[in-house]
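Let me begin by presenting the structure, written as structure tokens, before commenting on it.
Proteins come first, then strands; the chains are lettered A, B, ... in the order of their sequence lines, and each starts at number 1.
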Protein chains: 2
Amino acid sequence: MKALTEIPQAPGRIGRIGRAGRTGRAGRSDTIYEVAQQAGVSIATVSRVMRGTAGVAPDTRERVLRSVSDLRYTPSRSARSLAEGRHAASGIVFPDLSGPYFAEVVLGYEEVAAETGRSVLILTTHGREAARERVLDLAARVDGMVVLGRTVGDDVLAELVSKGLPLVVLARYPVEGADSVNAANEASAYALTTHLARDHGHRSFAFLGDAGASTDTSDRWRGFTQALADCGVPVPSAPVPCPFDEDDGRAAAERLLVDRPPRALVCANDEIALGAITAAEALGLRVPDDLAITGWDDLMAARHSRPGLTTVSQPMRALGALAAHRLHERVAGDRNEPRHEVLPTQLVQRASCGHHPEENR
Amino acid sequence: MKALTEIPQAPGRIGRIGRAGRTGRAGRSDTIYEVAQQAGVSIATVSRVMRGTAGVAPDTRERVLRSVSDLRYTPSRSARSLAEGRHAASGIVFPDLSGPYFAEVVLGYEEVAAETGRSVLILTTHGREAARERVLDLAARVDGMVVLGRTVGDDVLAELVSKGLPLVVLARYPVEGADSVNAANEASAYALTTHLARDHGHRSFAFLGDAGASTDTSDRWRGFTQALADCGVPVPSAPVPCPFDEDDGRAAAERLLVDRPPRALVCANDEIALGAITAAEALGLRVPDDLAITGWDDLMAARHSRPGLTTVSQPMRALGALAAHRLHERVAGDRNEPRHEVLPTQLVQRASCGHHPEENR
DNA sequence: TTGTAAGCGTTATCAT
DNA sequence: ATGATAACGCTTACAA
């Protein structure tokens, strides 16, 4: 007779008994137990085969693989995540997908994330109240995330960092404990504005865009004012506030142009600029003869518009891709010191800023 | 001495002993156990409070909530998914995000999915080999998914359906066991082509687009040929193959137009059409005087191009939103019979198809 | 109203 | 090379 201490440990999986009999039900996928039973091995061996862990005999391996494909077994992702303590997924948070900018950024991001074996969750905040909760919820599903400007406040980001979540911010000022990726907004604004003032000789400017809402815009505003000051041109006291949207651009431009039209109108993005062109033409102003207009982003429409829109081309896809790479490094634990990077942009001269000698459209 | 059968069940959670002492480590979030201990209740009660399940005394509830916020506790998503047997997430699979079409669809989708309390995973296939594996991997992370055309074969979709995964296809022919959502491609192609033949009197046509690659395109081709036949206009034997891209459109149009230019060129989307306009102008053909060109999608660039591009406007966002709704119904188990829906489109007449009496741009 | 503990489906440690 | 089983962190039936 055995003493209590000699009694074999009761199996933790008492409930496993009677597991059979629920096969074939649609929507109920098989588990590692069914595969193990079918193959006549333990679940540990099945797990080894699935994960490619070394140390499984070739014929055992074959047998398991056959059962796997017979039963069309797919491991449960939640169980795996729970056991591994990771999600093999990352997230990206942006304000909205409308307009090509965010779509391109996300595309660049997804591509790299997929290459590094990570699924991608997206979240748009739409400037909604619940943004904080949604972002925190997302944080529970991923191993790290990228957050774009104009989504949630720095307090939320600090919370994420304090939870130990790898974080990269994009098109947003750096925050403690996170990497950042930005386009060269100030430099390109400076170059663009200098081109307008120096090369075309424009002496009266306005800036259309909401500098308070976006770090991109406020950087562009800063480069704009700096260039004007350096060129000895009067500097407007503030940007003309305007959301990132074509209709808003048209409306804001209409109000501005009726009143006291400047000679050159620097818009915070192409959508605003295209709206402004429409407004200018409706008011009988010729672009660029009466009014120069420029944008940002180099959308397809900028190339096809009449007149062609002078703008700044941003490496949108590269921004997303770089953010994905930096996030991957952080998640993999390859690096801890924050890294802040600025990607170069390019001035694209077309007809809307004034006539160029070598103009071709 | 007790018989074996009388031995009390060994607790499943032997390892819980000694759980304390690992607090404060960054990146290691607290669990329901810490909260329970802090609040002086059991984990079941914490769970009830977190889930809002009825039957918790107000003061107990308060105490728990305080501990939750003290410890900044967020439930583990994988553990929750494992226990609940659901992910509270859904996925959307598309070929690529470039161009505004997919971005808009995804945006409409995400918005509705978020409203129904579901996170959104995205997957782009890029026409890659690994598409099947990626899609199956995604399937393990979601409660249901939407698959767009030109991503994976019907065999993969059948596999998903047989696994019991709720499925909606978008811009793709219906498959057994899944809902489908499409735009009225054939009808709008018919209307567009009839407009060109009847209203503008064009008698020689070509169609630019790869009908084999996309159900959208093959439906458009069908409506196109039907309209020509009904108008008594010679029907081309086949589409001029061309990918969905501006450069490809330009290249394909160049080859076509040098040879034997038709009077009207119907393109499968706006990007192709805009490329074709560029090609036509490079060859000295005037649009629409020498050659009418039309597109599909009504991109921003179609509105701003010179000449304005006649095109078909699709409810892209609504397509995504509807797919999300249908998927939600399926996931919730509200409905089992497949539903196939076709959303209306709209012909947008601009200058590129010929001169209209009431033309305004 | 609250607690106990089984169960979710994996991974990985430790024996053998 | 393989098996037994603890552990992952929750939800929920059942008991009290």
All N/O pairs under 3.5 Å across the protein-nucleotides 14-16 of chain C interface:
none

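Residues from residues 67-79 of chain A with heavy atoms under 4.0 angstrom of DNA chain C, sorted by number: Tyr73(A), Thr74(A), Pro75(A), Ser76(A), Ala79(A). Of the residues in residues 54-66 of chain A, Gly55(A), Val56(A), Ala57(A), Thr60(A) come within less than 4.0 Å of DNA chain D through at least one heavy atom, sorted by number. For DNA chain C, the neighbouring residues in residues 81-89 of chain B, judged by any heavy atom under 4.0 Å, are Leu82(B), Ala83(B).
By the side chain to side chain contact (heavy atoms under 4.5 Å, CB included) test, Ala83(A) pairs with no residue at all, sequence neighbours left out. Considering only residues two or more places apart in sequence or on other chains, Glu111(A) meets the salt bridge (Lys or Arg N to Asp or Glu O under 4.0 Å) condition with none of them. Evaluation of the side chain to side chain contact (heavy atoms under 4.5 Å, CB included) rule for Asp143(B) yields Arg86(B), His87(B), Arg118(B), Val331(B) as partners, not counting sequence neighbours. Remark: Thr45(B) pairs with no residue by the side-chain hydrogen bond (donor to acceptor under 3.5 Å, both in side chains) rule, at least two apart or across chains.
For residues 48-57 of chain B, the pairs satisfying side chain to side chain donor-acceptor pair (under 3.5 Å) are Arg51(B)-Glu84(B), with sequence neighbours left out. For the salt bridge (Lys or Arg N to Asp or Glu O under 4.0 Å) condition, no pair includes a residue of residues 59-69 of chain B, sequence neighbours left out.
Taking the C1' atoms of five terminal pairs at each end of the helix from dT1(C)-dA16(D) to dT16(C)-dA1(D), the two resulting helix axes are inclined by 40°, rounded to 10°.
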Please output the side-chain donor-acceptor pairs of residues 170-180 of chain B that fall under 3.5 Å, not counting sequence neighbours, one pair per line with the distance.
| residue | atom | partner | partner atom | Å |
| --- | --- | --- | --- | --- |
| Arg172(B) | NH1 | Val152(B) | O | 2.9 |
| Arg172(B) | NH2 | Val152(B) | O | 2.5 |
| Arg172(B) | NH2 | Asp154(B) | OD1 | 3.0 |
| Tyr173(B) | OH | Ser218(B) | OG | 2.6 |
| Tyr173(B) | OH | Asp219(B) | OD1 | 2.7 |
| Tyr173(B) | OH | Arg222(B) | NH2 | 3.4 |
| Asp179(B) | OD1 | Arg330(B) | NE | 3.3 |
| Asp179(B) | OD1 | Arg330(B) | NH2 | 3.1 |
| Asp179(B) | OD1 | Arg335(B) | NH1 | 3.0 |
| Asp179(B) | OD1 | Arg339(B) | N | 2.7 |
| Asp179(B) | OD2 | Arg330(B) | NE | 2.8 |
| Asp179(B) | OD2 | Arg335(B) | NH1 | 3.3 |
| Asp179(B) | OD2 | Arg335(B) | NH2 | 2.9 |
| Ser180(B) | OG | His340(B) | ND1 | 2.7 |

